[in-house]
Amino acid sequence: SYPSINCFKESCAECKKCAFPFKKYKLKQENIDTITDKPIVQTEYNRVRVTYKKTDDFIYFSHLSMSKYIERIIRRSGIGFKSTEGFRPRIKIAYLPPLPVYAKGHSEVFEFFADKSLSSHDILDNLKKSAGELPILNVFFCNDKKALNRDIALIHYRVSFVPEGNVVEKIKELLRPGDLIDIDKESMQLTIDYSDQGPEQFSRIYRLIDPEKKMTSIINREKICCK
């Protein structure tokens, strides 16, 4: 980036038109004639939701590592994206609640803002090319919906383990009107009402199943239902 005419009019904190503060850059008055004040082109964006799978080797990724990996995929894809404001802009992106290491996600979602000139097929193709071994499943626009974390209604989990009878009774006592439980011979299906402290509710239930957190590989986040 190079200094613009705005550098002579405003401080970096007031301007915010570039990503780099020029406080240490000594501008000379004679350079004013060589700097042109180009009009700022406002890019329009679509709000995009991307579904993917967190399986195979990706179960060893923490939530922070996974989010950094996804951001690198977006940057490598060449898709124009919306950034946060400030001196250290980052991709404006939202994720689902964290999954513990070793847990699997079969329908994970992240949401970001992509250049409006791109179709959903273009975005999907570009992401797949730069995603490596991460399975990108689908891309769709959601401009008419609420933000991701406010749009989630239910989260479906499958726990590949059937706890003892007394633990099941304690789990049932924790269930609220919007929660459901279904137990078969091999697994336990949980449907959690996300709008009513969903992540915290699942944590309370999982602490009953695996108090020492040594069996996180039994967790499968199967599906997300939006409003």
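Bear in mind the structure is a predicted one, so any value in this text is a computation, not a measurement.
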**Q.** Over 12 non-hydrogen atoms of neighbours within 6.0 angstrom of CG in D57
**A.** no
Q. Can V50 and F112 be said to form a side-chain contact (heavy atoms from CB on, under 4.5 Å), step by step?
A. CA-CA 8 Å; V50 183; F112 74 109; 3.9 Å; yes
Q) Do E71 and I93 pass the side-chain contact (heavy atoms from CB on, under 4.5 Å) test, and can you show the C-alpha distance, the side-chain angles, and the key distance before you say yes or no? A) CA-CA 8 Å; E71 289 184 18; I93 190 169; 4.0 Å; yes
Q) What is the minimum heavy-atom distance between G105 and E108, and which atoms define it? A) CA-OE2, 3.5 Å
Q) If you round to the nearest 0.5 Å, how far is OG of S195 from CG of N149? A) 12.5 Å
Q) After noting the C-alpha distance and the side-chain angles of I70 and Y52, does the key distance pass the side-chain contact (heavy atoms from CB on, under 4.5 Å) rule? A) CA-CA 10 Å; I70 289 172; Y52 66 98; 3.6 Å; yes
Q.
So P97 and Y194, do their side chains get closer than 4.5 Å, heavy atoms only?
A. yes
(Q) Quick check on the hydrophobic clustering: are L137 and L127 connected, directly or via other members, by side-chain heavy-atom contacts under 4.5 Å? (A) no
Q: Answer yes or no: is there a donor N or O on one side and an acceptor on the other, between the side chain of Y95 and the main chain of S67, under 3.5 Å?
A: yes
Q: Nearest 0.5 Å please: distance from the SG atom of C142 over to the CD atom of E111.
A: 4.0 Å
Q) Hey, are the side chains of I171 and M188 touching, using non-hydrogen atoms and a 4.5 Å cut-off? A) yes
Q. Hey, what do you get for NZ (K82) to CD (E44), rounding to the nearest 0.5 Å?
A. 11.0 Å
Q: Determine, using the 4.5 Å side-chain heavy-atom cutoff (strictly less than), whether F161 and V167 are members of one ILVMFWY cluster.
A: yes
Q: Give a yes or no on whether the backbone of N138 and the side-chain of T51 come within a donor-acceptor separation of less than 3.5 Å.
A: yes
Q: Please confirm whether the backbone N or O of D193 pairs with a side-chain atom of D179, one donor and one acceptor, at under 3.5 Å?
A: yes
Q. Just how far is it from atom CG of L148 to atom CD1 of I224, taken to the nearest 0.5 Å?
A. 8.5 Å
Q) With no hydrogens and no angle check, is any side-chain donor or acceptor of D210 less than 3.5 Å from a backbone partner on M215? A) yes
Q: Begin with the C-alpha distance, continue with both residues' side-chain angles, and end with the deciding distance and a verdict on side-chain contact (heavy atoms from CB on, under 4.5 Å) for I91 and F110.
A: CA-CA 12 Å; I91 299 175; F110 67 88; over 6 Å; no
Q. Can you check whether R90's main-chain N or O pairs, donor with acceptor, with T84's side chain at less than 3.5 Å?
A. yes
Q. Got F141 and I123 here, is their nearest side-chain heavy-atom distance under 4.5 Å?
A. yes
Q: Indicate yes or no for a side-chain donor-acceptor contact from Q201 to the backbone of L174 under 3.5 Å, with no hydrogens or angles considered.
A: yes
Q.
Under a 3.5 Å distance rule, please check whether N143 uses its side chain to pair with a backbone N or O of R47 as donor and acceptor.
A. yes
Q) Taking all non-hydrogen atoms of both residues, which atom of A114 and which atom of V48 are closest, and how far apart? A) CB-CG2, 3.8 Å
Q: Determine, using the 4.5 Å side-chain heavy-atom cutoff (strictly less than), whether V109 and I192 are members of one ILVMFWY cluster.
A: yes
**Q.** For K68, side-chain contact (heavy atoms from CB on, under 4.5 Å) partners two or more places apart
**A.** L64, R72
Q) For the residue pair Y69 and F58, is the inter-centroid distance of their aromatic rings smaller than 6.0 Å? A) yes
Q | Option passing side chain to side chain donor-acceptor pair (under 3.5 Å) with N220 (candidates H106, K104, H156) | A | H106
Q) In the hydrophobic clustering (ILVMFWY, side-chain contacts below 4.5 Å, transitive), which residues join V101, or is it alone? A) I59, Y60, Y102
**Q.** Flag side-chain contact, heavy atom, 4.5 Å: I219 against F202
**A.** yes
Q | Cluster link I136 to F113, ILVMFWY, side chain under 4.5 Å | A | no
Q: Please list, chain by chain and in numerical order, all residues satisfying side-chain contact (heavy atoms from CB on, under 4.5 Å) with D125, sequence neighbours excluded.
A: none
Q: Report yes or no: does R221 contribute a side-chain atom to a donor-acceptor pair with the main-chain N or O of K54 at less than 3.5 Å?
A: no
Q.
Rounded at 0.5 Å granularity, tell me how far CD1 in I73 sits from NZ in K129.
A. 15.0 Å
Q) Y45 and L118: same hydrophobic cluster, using ILVMFWY side-chain contacts below 4.5 Å? A) no
**Q.** Pair D196-R176, salt bridge (Lys or Arg N to Asp or Glu O under 4.0 Å): steps then yes or no
**A.** CA-CA 9 Å; D196 186 11; R176 303 160 305 183; 3.6 Å; yes
Q | Option passing side chain to side chain donor-acceptor pair (under 3.5 Å) with D151 (candidates R49, K227, K146) | A | R49
Q: Taking the side chain as every heavy atom from C-beta outward, state whether Y157 and I205 have any pair of such atoms under 4.5 Å apart.
A: no
Q.
Show the nearest heavy-atom pair for residues S77 and S130, with the distance to one decimal.
A. CB-OG, 3.5 Å
Q. How far does CG of L175 sit from CG of L180, to the nearest 0.5 angstrom?
A. 8.0 Å
